[in-house]
Amino acid sequence: MATDEATIIPVTGSTPENTYDVVVGRGLLGRLPAILGERVHRVLVIHPRALRATGDTVRAELADAGFTAVTAEIPDAEEGKHIQVAAFCWQVLGQNDFTRSDAVVTVGGGAVTDLGGFVAATWLRGVRVVHLPTSLLGMVDAAVGGKTGINTAEGKNLVGAFHPPAAVLADLDALATLPKNELVTGLAEVVKCGFIADPVILDRIEQDTAAATDAASPVLRDLVERAIRVKADVVSEDLRDTGRREYLNYGHTLGHAIELAERYSWRHGAAVSVGLVFAAELSRMVGRLSDADADRHRSILESLGLPVTYRRDRWASLLDGMRRDKKSRGDLLRFVVLDGIGRPGMLEVPDTSLLFAAYQEIAS
Ligand SMILES: NC(=O)c1ccc[n+]([C@@H]2O[C@H](COP(=O)([O-])OP(=O)(O)OC[C@H]3O[C@@H](n4cnc5c(N)ncnc54)[C@H](O)[C@@H]3O)[C@@H](O)[C@H]2O)c1
Ligand SMILES: O=C(O)C(=O)C[C@@H](O)[C@H](O)[C@H](O)COP(=O)(O)O
Ligand SMILES: [Zn+2]
């Protein structure tokens with residue numbers, strides 16, 4: 001079980017640029033100046049309107065440490081993952097003469113780390129970025145691994161770049177103000193890590209769901225660290241999504257299609273929750289997953305209060321959305337499935353009638 005001290009989880013890529021630490025703990029902001037280092041003069045702090053006070057605290061810390069710190073306040077949640085918001089940030093960087101030795105710091109949930117990471121990846125073709133995730137989902141998933149991006153009218157994360165951060169500071173104190181429903185949607189990604197790699201995650205949640213949803217509990221900290229270790233292990237080996245990293249997309253093929261169908265009014269984790277149950281049903285239907293393991297998806301997600309069904313009448317638009325998934329190859333849809341808990345694999349689906357049949361199991 002985790003302690004009060006900071007835990008360092010390394011991501012060990014093939015180059016120094018892909019190698020960095022994810023620090024989990026409390027009161028971590030004081031570490032930021034040293035991480036940025038003496039080469040950095042200017043820092044752009046990107047935060048959403050909803051986290052203005054936190055953004056101001058970060059800017060003040062940087063100013064006290066001698067950096068020229070400016071902020072870019074962006075729209076909240078998925079509204080921030082938009083090309084116009086990236087253009088606004090590029091404008092702020094340009095107007096403040098940011099050079100290649102300057103840096104971006106993101107403060108917010110996964111939407112902010114995705115957008116801010118994309119801005120850092122594209123400004124002057126790449127400047128340093130440090131993520132300070134403030135949501136559970138940001139800590140366990142979005143801030144780690146270097147996938148950055150924005151949405152387009154056609155789908156989720158369709159434009160982006162791989163741009164690993166210089167560090168991630170996952171300060172658990174930030175979770176004190178995170179609304180419960182946001183914490184719970186973040187747990188969908190933690191559950192995903194349980195099913196694809198670390199079944200202890202599932203046991204812990206089943207043993208004490210109340211503690212798993214309590215931001216202050218050691219159980220939640222243990223879950224955070226376990227999920228980060230799963231992700232760090234995978235992205236250390238496969239930054240660019242050419243192999244094992246695809247397994248982190250378990251539940252996302254349908255999940256992203258639901259987000260698009262709902263015009264991004266659903267939280268990512270809620271859509272992934274439905275997508276996980278769908279992927280489990282698919283795995284069961286093709287004989288790769290037992291009934292008990294497939295049913296466990298529904299029961300654990302339901303016990304957390306996450307959605308496990310979706311509208312029957314939306315199938316056609318969901319199929320349309322799923323075709324644009326990044327795992328597709330030409331007309332061939334590809335899904336992450338399970339051959340057992342902790343044993344992910346791929347399923348190529350040339351015939352969509354199988355998908356329709358699996359969808360009937362989650363349609364409401
Ligand atoms: N790049 C990746 O590898 C990756 C992985 C998973 C998810 N994502 C992306 O992450 C996004 C979802 O992230 P999310 O669930 O954090 O959503 P989010 O960023 O939209 O944040 C959810 C809400 O919580 C608020 N919030 C965040 N921290 C808070 C705090 N400490 N106190 C109070 N309010 C707070 C935000 O302002 C927002 O209203 C999606 O866009 C998803 O595609 C990316
Ligand atoms: O890091 C990854 O790789 C993942 O698939 C993690 C997902 O939880 C995350 O939502 C990611 O942004 C999805 O990536 P995409 O390539 O399907 O857009
Ligand atoms: Zn995700």
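Each ligand, and each atom within it, is numbered from 1 in the order the structure gives.
- With respect to Asp233 and Arg244, a salt bridge is recorded, a charged nitrogen being found less than 4.0 Å from a carboxylate O.
- Among the candidates Lys327, Glu259, His268, Glu246, the single residue satisfying the side-chain hydrogen bond (donor to acceptor under 3.5 Å, both in side chains) test with His252 is His268.
- Closest heavy-atom approach to atom 13 (O) of ligand 1 within the set Gly269, Ala174, Gly110, Gly80: this belongs to Gly110.
- Rounded to the nearest 0.5 angstrom, Leu306 CG and Ser273 OG are separated by 4.5 Å.
- Of the listed residues (Asp141, Leu51, Thr185, Asp114), the one carrying the non-hydrogen atom nearest atom 9 (C) of ligand 1 is Asp114.
- Scanning all protein heavy atoms for the shortest distance to atom 33 (C) of ligand 1 gives Thr177 O, 3.2 Å.
- Taking the six-membered ring where the residue is Trp, Tyr310 and Trp266 present perpendicular rings, their angle passing 60° and hence far from 30°.
- Using a cutoff of 4.0 Å between basic side-chain nitrogens and carboxylate oxygens, Arg204 and Asp222 are scored as salt-bridged.
- Ranked by closest heavy atom to atom 2 (C) of ligand 2, the top entry among Glu189, Arg244, Arg245, Lys192 is Arg245.
- Close N/O approach between Thr148 and ligand 1 is not found [any backbone or side-chain N/O within under 3.5 Å].
- A salt bridge links Arg314 with Glu262: at least one charged nitrogen is closer than 4.0 Å to a carboxylate oxygen.
- Distances from the Zn ion (ligand 3) show that Glu189 has an N/O/S atom below 2.8 Å.
- Both the backbone and the side chain of Ala142 come within contact range of ligand 1, each with a heavy atom under 4.0 Å.
- Every atom of ligand 2 is numbered from 1 in the order shown, and the set under 4.0 Å from a heavy atom of Asn157 is 12 (O), 18 (O).
- Side chain to side chain, Asn249 and Thr253 fail the donor-acceptor criterion of an N or O pair below 3.5 Å.
- Here the CG-CD distance, from Leu260 to Glu154, works out to 8.5 Å after rounding to the nearest 0.5 Å.
- For ligand 1, one of its N or O atoms has an N or O atom of Thr134 under 3.5 Å away.
- Ligand 1 lies less than 4.0 angstrom from a heavy atom belonging to Leu178.
- Proximity to Asp141 (heavy-atom distance under 4.0 Å) selects the following atoms of ligand 2: 6 (C), 7 (C), 8 (O).
- Neither the backbone nor the side chain of Glu259 has any atom closer than 4.0 Å to an atom of ligand 1 (non-hydrogen atoms only).
- Only the side chain of Glu182 comes within 4.0 Å of ligand 1, judged by heavy-atom distances.
- Each of the atoms 10 (O) of ligand 2 lies under 4.0 Å from some heavy atom of His268.
- Distance from atom 7 (C) of ligand 2 to its nearest protein heavy atom, with residue and atom name: His252 NE2, 3.2 Å.
- Contact check on Arg296 versus Asp203 returns a salt bridge, with a Lys/Arg side-chain nitrogen under 4.0 Å from an Asp/Glu carboxylate oxygen.
- Between Lys147 and ligand 2, an N or O atom pair is found at a separation short of 3.5 Å.
- Protein heavy atom at the shortest distance from atom 15 (O) of ligand 1 is Leu137 CB, 3.6 Å.
- Between the side chains of Asp102 and Thr99, at least one donor N or O lies within less than 3.5 Å of an accepting N or O.
- Contact annotation: His256 has no heavy atom less than 4.0 Å from any atom of ligand 1.
- Here CD1 of Ile341 is found 12.5 Å from CD1 of Ile196. Values are rounded to the nearest 0.5 Å.
- Protein heavy atom in closest approach to atom 40 (C) of ligand 1: Glu78 OE2, 3.1 Å.
- Against a heavy-atom cut-off of under 4.0 Å, Ala50 is close to the following atoms of ligand 1: 37 (O).
- Contacts between His256 and ligand 2, counted as non-hydrogen atom pairs separated by less than 4.0 Å, involve the side chain only.
- Using a 30° and 60° split on the angle between ring planes, Phe118 and Trp90 fall in the tilted class, from 30° to 60°.
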